[in-house]
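To keep things clear, I will list the structure first and then write my remarks on it.
All chains are named by letter (A, B, ...) in the order of the sequence lines, taking the proteins before the strands, and each is independently numbered beginning at 1.
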Amino acid sequence: MGSFILRRIIYVIPALIAVSLISFLVIAVPPGDFVDRLAEEAAKKGDIMPLAEIEAMRRAYGLDQPLLVQYWSWITGVVLRGDFGYSFGWNLPVKEVIWPRLGLTVVLSLASLLFVWVVAIPIGIYSAVRRYSVGDYIFTFLGFLGLAVPNFLLALALMYVAFAWFGQDVGGLFSPEYIEAPWGWGKFTDLMAHLWLPMVVLGTSGTASVIRVIRANLIDELHKPYVTAARAKGKGEFALLMKYPVRHAMNPFVSGQNDIFVDIVSGGTIVAIVMGLQTTGPLLIKALMEQDMYMAASFILMLSVLVVVGTLLSDLLLAWLDPRIRYQQG
Amino acid sequence: MENLVEIRGLRITFAGAVDVVQGLDLDIPAGKTLCLVGESGCGKSVTAKSILQVIDHPGRVSGGSINLRQTDGSVLDIAKTKPTSPLMRQVRGGDIAMIHQEPMSFLSPLYTIGNQISEALMLHRKISEKDARAEGIKMLEEVGMPDPARRYDSYTFQLSGGQRQRAMIAMALINKPRLLIADEPTTALDVTTQANILDLLGELQRETGMGVLFITHDLGVVAEIADEVAVMYLGKIVERAPVRELLENPKHPYTKGLLASMPRLDGDFKAPLKAIPGMVPPPALRPAGCSFHPRCEWARKDMCGHVAVLETDLGANHMVACHAYGPQAHKFSRVSKVVDVGAPVAVAKKAVGKPLLSVRNLHKHFAIRAGFFQRQVGAVRAVNDISLDVFPGETLGLVGESGCGKSTLGQTLVGLHRADSGEVQFADIDVRAAKGAEAKQLRTDIRMVFQDPTGSLNPRMRVRDIIGEVLQVNGNHSAAEIEEKVQGLLARVGLSPDYAERYPHAFSGGQRQRIAIARALASDPKLVIADEAVSALDVSVQTQIINMMKELQAELGLTYVFVSHDLGVIANISDRVAVMYAGRIVELGETDQIFRNPRHPYTEALLAAIPGRGARKTGARIRLTGHVPDAAKPLAGCAFADRCRYVTDACRVNVPELRGEGNHLDACLRSEELKLRSVSQTEALVSA
Ligand SMILES: Nc1ncnc2c1ncn2[C@@H]1O[C@H](COP(=O)(O)OP(=O)(O)OP(=O)(O)O)[C@@H](O)[C@H]1O
Ligand code: SF4
Ligand code: SF4
Ligand SMILES: [Mg+2]
């Protein structure tokens with residue numbers, strides 16, 4: 001197991017290097033840079049920047065260096081000093097903008113994932129065991145709806161319902177008075193009160209697909225010979241269901257979790273804009289439009305790291321759940 | 001009620017109101033082994049499962065009673081007990097336990113075998129986890145698991161087939177059940193492992209005095225283990241008697257047919273076998289009257305086709321359900337046709353003349369890769385320095401335990417694997433160097449038939465295209481010619497010509513194997529390599545195929561290499577036999593020489609492991625322990641040394657060469673001095 005974990009972690013490193021390089025290049029390669037954008041803005045106001053000033057600004061920001069040199073100084077800063085560079089757009093070090101947002105993104109994504117599990121696992125098990133019952137049909141129908149309705153539409157609908165019927169102000173993750181407030185109990189409860197809506201929105205399509213996955217896996221497992229064998233030992237039906245078929249059906253489920261996590265992280269952007277969430281998505285869009293390159297590259301890098309770590313965790317979980325993986329590849 | 005279990009009028013129904021079992025009566029005595037025999041699809045397994053109420057959905061017990069005598073003398077009708085009730089759960093695993101054919105799928109790979117064994121104990125007894133572990137390890141020791149304390153924490157995929165079956169037996173016996181139901185527990189095992197497991201079950205039964213219901217389709221196993229036998233056909237018991245009586249004096253035509261179609265190892269091995277015609281129909285098409293009548297040679301249309309059969313008691317515990325023994329017995333002559341000898345049994349063809357296929361020092365190794373960069377860390381020597389000749393018109397049998405390299409050898413010969421070194425000469429062609437026209441000729445001259453006819457036939461092609469494919473690919477045949485050829489081949493293998501239009505899924509296993517053989521014959525090959533071609537088939541169908549292959553050989557002058565793990569089949573079909581062990585040929589000779597005068601200790605042990613050799617009465621059993629050595633490890637000396645009862649120090653140093661006088665060769669350093677046992681010296685299964 002130890003060597004298995006080590007191997008998996010080592011496999012992750014080249015992936016991270018590739019991801020950081022690509023995210024940097026994707027931002028830097030399009031023609032023009034942040035200084036051009038600035039000059040354009042200035043020109044619009046009728047204030048033509050002299051060429052010398054533009055060049056001086058480039059030099060100051062290090063934008064005159066070859067791309068690979070820029071990448072190298074950026075990535076060594078990230079890795080060695082936790083320094084993500086400077087955001088031109090915010091006039092702040094990137095890390096000061098990025099960490100709080102990233103924290104909220106993680107919280108929201110995990111909450112959505114948890115929501116998916118708590119709702120989908122019991123329903124999936126129920127639907128498989130009571131296949132073709134009325135309940136199964138109802139859940140299957142709801143599942144189709146959940147998959148078919150786009151996230152932003154669901155977000156709008158739920159916001160409307162929450163506002164119109166419960167009078168709740170549901171935009172954002174905080175009430176206005178807490179946005180700038182330091183962390184404390186009040187801010188925490190305020191976050192929880194706002195979190196449920198984006199959580200449901202982000203989790204819905206994942207829930208629908210997880211129900212389908214669990215139902216299908218479990219139906220396959222329910223009539224496997226080892227189930228008959230355990231029943232023939234005298235095990236009670238519920239304990240039997242949990243120990244054998246459900247546990248077996250968990251494996252393909254766990255390996256599918258990563259995709260759902262990726263969906264949630266990436267799907268967060270549009271929903272966040274619609275709902276005015278203080279997560280990473282809206283910021284990323286802004287940074288991309290302004291060619292605020294360190295900002296954008298850092299965001300993409302951190303989101304990718306999140307996804308890579310998610311993959312790693314689900315692989316490790318799978319190995320922990322399934323001795324065949326542990327012993328045969330370890 | 002004196003029996004442990006008495007089943008009366010049992011009826012088991014599946015979806016669509018199909019009765020798989022219809023009115024079955026069966027008594028299971030306490031403290032004895034009752035064997036339930038019959039071909040596949042007769043309802044043996046569902047009957048066994050019904051006793052525990054664990055039939056898979058949508059099957060259910062729809063009538064009759066299953067009475068279990070409790071320890072306090074009262075009687076519990078299992079058929080009337082709710083499957084999920086606590087009472088039923090107490091019976092399952094407590095009073096009645098079950099073991100199955102395939103431990104790999106009946107044990108979960110996600111939990112250690114120890115977990116699953118102690119689970120069985122803790123479901124029925126209040127016991128701490130620690131004590132359960134101790135008991136589990138003790139039980140593993142009792143079932144002969146090597147190194148039980150360590151194996152307790154193993155997963156199924158870390159164990160060999162025999163060890164898995166031992167784990168399953170330990171799990172079933174840990175609660176000391178009064179009845180053990182064993183559903184084909186040895187069918188998936190090698191003959192040598194099977195012998196060990198049968199010995200173990202016999203011992204455990206004698207020690208614990210439990211009753212055993214043992215399900216099998218193999219009459220050799222019956223002879224080995226049964227006290228009483230019940231023969232089942234389409235959901236009914238058709239004959240029942242004590243084992244000797246049934247084997248020596250079978251009454252029902254179905255029992256007689258099963259015995260006659262079984263390849264035997266006494267008398268003349270090569271005597272043609274008599275097959276039961278046709279096959280078991282699906283339960284939905286159960287014939288009226290006596291359901292066996294379409295396949296019965298005694299059947300009288302006026303009676304058997306519509307009058308239901310009743311049981312007749314012949315005395316001495318012998319019961320039969322057949323009109324020929326009932327009130328109307330006088331209307332039946334009860335004469336069975338003697339086996340249709342057909343062409344005079346070819347006197348064992350001598351290995352003479354110029355070989356058709358000549359193999360010299362053939363090697364085929366598979367690389368083992370491991371580690372970070374998947375470097376090659378070793379090699380499995382699946383075929384290790386093999387030399388042999390196959391002569392025109394003969395059948396060479398290839399036997400050995402699973403994993404010994406039989407299939408790899410066959411596949412290398414037809415070019416499915418690339419040999420690493422060595423020579424293969426076919427007629428005048430150097431097989432390993434053949435290109436162009438020569439390669440094409442090899443593809444038509446050497447053909448292969450596989451074990452699994454379902455997997456080897458493309459489900460999306462019509463039978464015509466499956467058979468005719470090789471002609472279409474290899475050239476100059478018009479559509480009309482191909483059509484004619486296909487029709488001829490279908491007739492040859494005993495199938496109706498209009499089957500050409502159908503797809504493979506519309507056929508039974510036996511019919512598919514006939515199609516596969518027709519496909520192999522389409523290019524008029526000279527050599528056919530049959531890899532376990534009859535292993536997946538029921539004995540009666542197996543016999544039909546073997547007989548057909550022999551006829552085709554006589555008519556067309558074919559040469560066969562016949563790979564099988566079944567020594568009975570090998571003895572029946574082969575002119576010469578090569579015994580393989582760990583990638584090498586350890587003995588090679590004429591069939592008679594191998595079976596009556598074996599020279600290699602491995603051959604002796606294989607022969608001794610054949611069930612039904614009467615070995616259970618004698619103390620001097622030859623049993624192989626352990627398994628085929630890890631083919632990845634380089635070995636010094638004789639590969640068989642670790643399992644050989646005659647091993648000496650010299651054996652671990654010198655590699656024995658395959659040598660000998662005339663055409664009987666062996667690879668044992670001590671073959672000159674040893675006197676080995678053959679099949680004819682042990683008591684053989686008595687003929688019907
Ligand atoms: N779950 C099921 N659904 C429908 N039919 C079934 C089911 N299980 C078994 N059958 C049918 O019941 C009949 C008896 O099956 P069973 O497995 O008891 O035969 P068997 O004598 O044990 O055969 P084998 O030697 O192949 O194990 C077969 O025709 C089979 O197709
Ligand atoms: S009852 Fe008739 S058909 Fe059935 S086994 Fe007896 S003789 Fe054959
Ligand atoms: S060489 Fe030695 S170990 Fe090998 S089979 Fe002969 S006696 Fe046994
Ligand atoms: Mg069966």
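Residue B:Ile96 touches chain A through its backbone alone, counting heavy-atom pairs closer than 4.5 Å. If you measure heavy-atom distances from B:Gln90 to chain A, you find no contacts under 4.5 Å at all. Contacts of B:Met88 with chain A are absent, with no heavy-atom separation under 4.5 Å from either backbone or side chain. Residue contact with chain A, scored on non-hydrogen atoms closer than 4.5 Å, involves the backbone and the side chain of B:Ser105 alike. If you measure heavy-atom distances from B:Leu52 to chain A, the contacts under 4.5 Å come from the side chain alone. Contact of A:Leu321 with chain B is made through the backbone alone, with heavy-atom distances under 4.5 Å.
You'll find the side chain of B:Pro177 stays beyond 4.5 Å of the side chain of B:Met98, heavy atoms only.
Here the rule is side chain to side chain contact (heavy atoms under 4.5 Å, CB included) with A:Ser109, and of A:Val107, A:Leu113, A:Thr105 only A:Thr105 fits it.
Looking only at heavy-atom pairs under 4.5 Å with chain A, the residue among B:Ala172, B:Ala120, B:Ser108 that has the most is B:Ser108. No other option in A:Lys224, A:Lys235, A:His223 has as many heavy-atom pairs under 4.5 Å with chain B as A:Lys235. Ranked by heavy-atom pairs under 4.5 Å with chain B, the list A:Arg231, A:Lys243, A:Glu237, A:Arg247 is led by A:Lys243.
With hydrogens and angles ignored, the 3.5 Å screen pairs a side-chain donor or acceptor of B:Arg166 with a backbone N or O of B:Val143.
Ring-plane geometry between A:His248 and A:Tyr226 is classed as parallel, the angle between the planes falling under 30 degrees on a 0 to 90 degree scale with a further cut at 60. Classification of the A:Tyr71-A:Trp74 ring pair by plane angle, with boundaries at 30° and 60°, yields tilted.
Ion pair A:Arg130/A:Asp136 not flagged as a salt bridge, since none of the NZ, NE, NH1 or NH2 atoms sits closer than 4.0 Å to an Asp/Glu carboxylate oxygen.
Rounded to the nearest 0.5 Å, atoms CG (A:Leu108) and CG (A:Leu202) are 5.0 Å apart.
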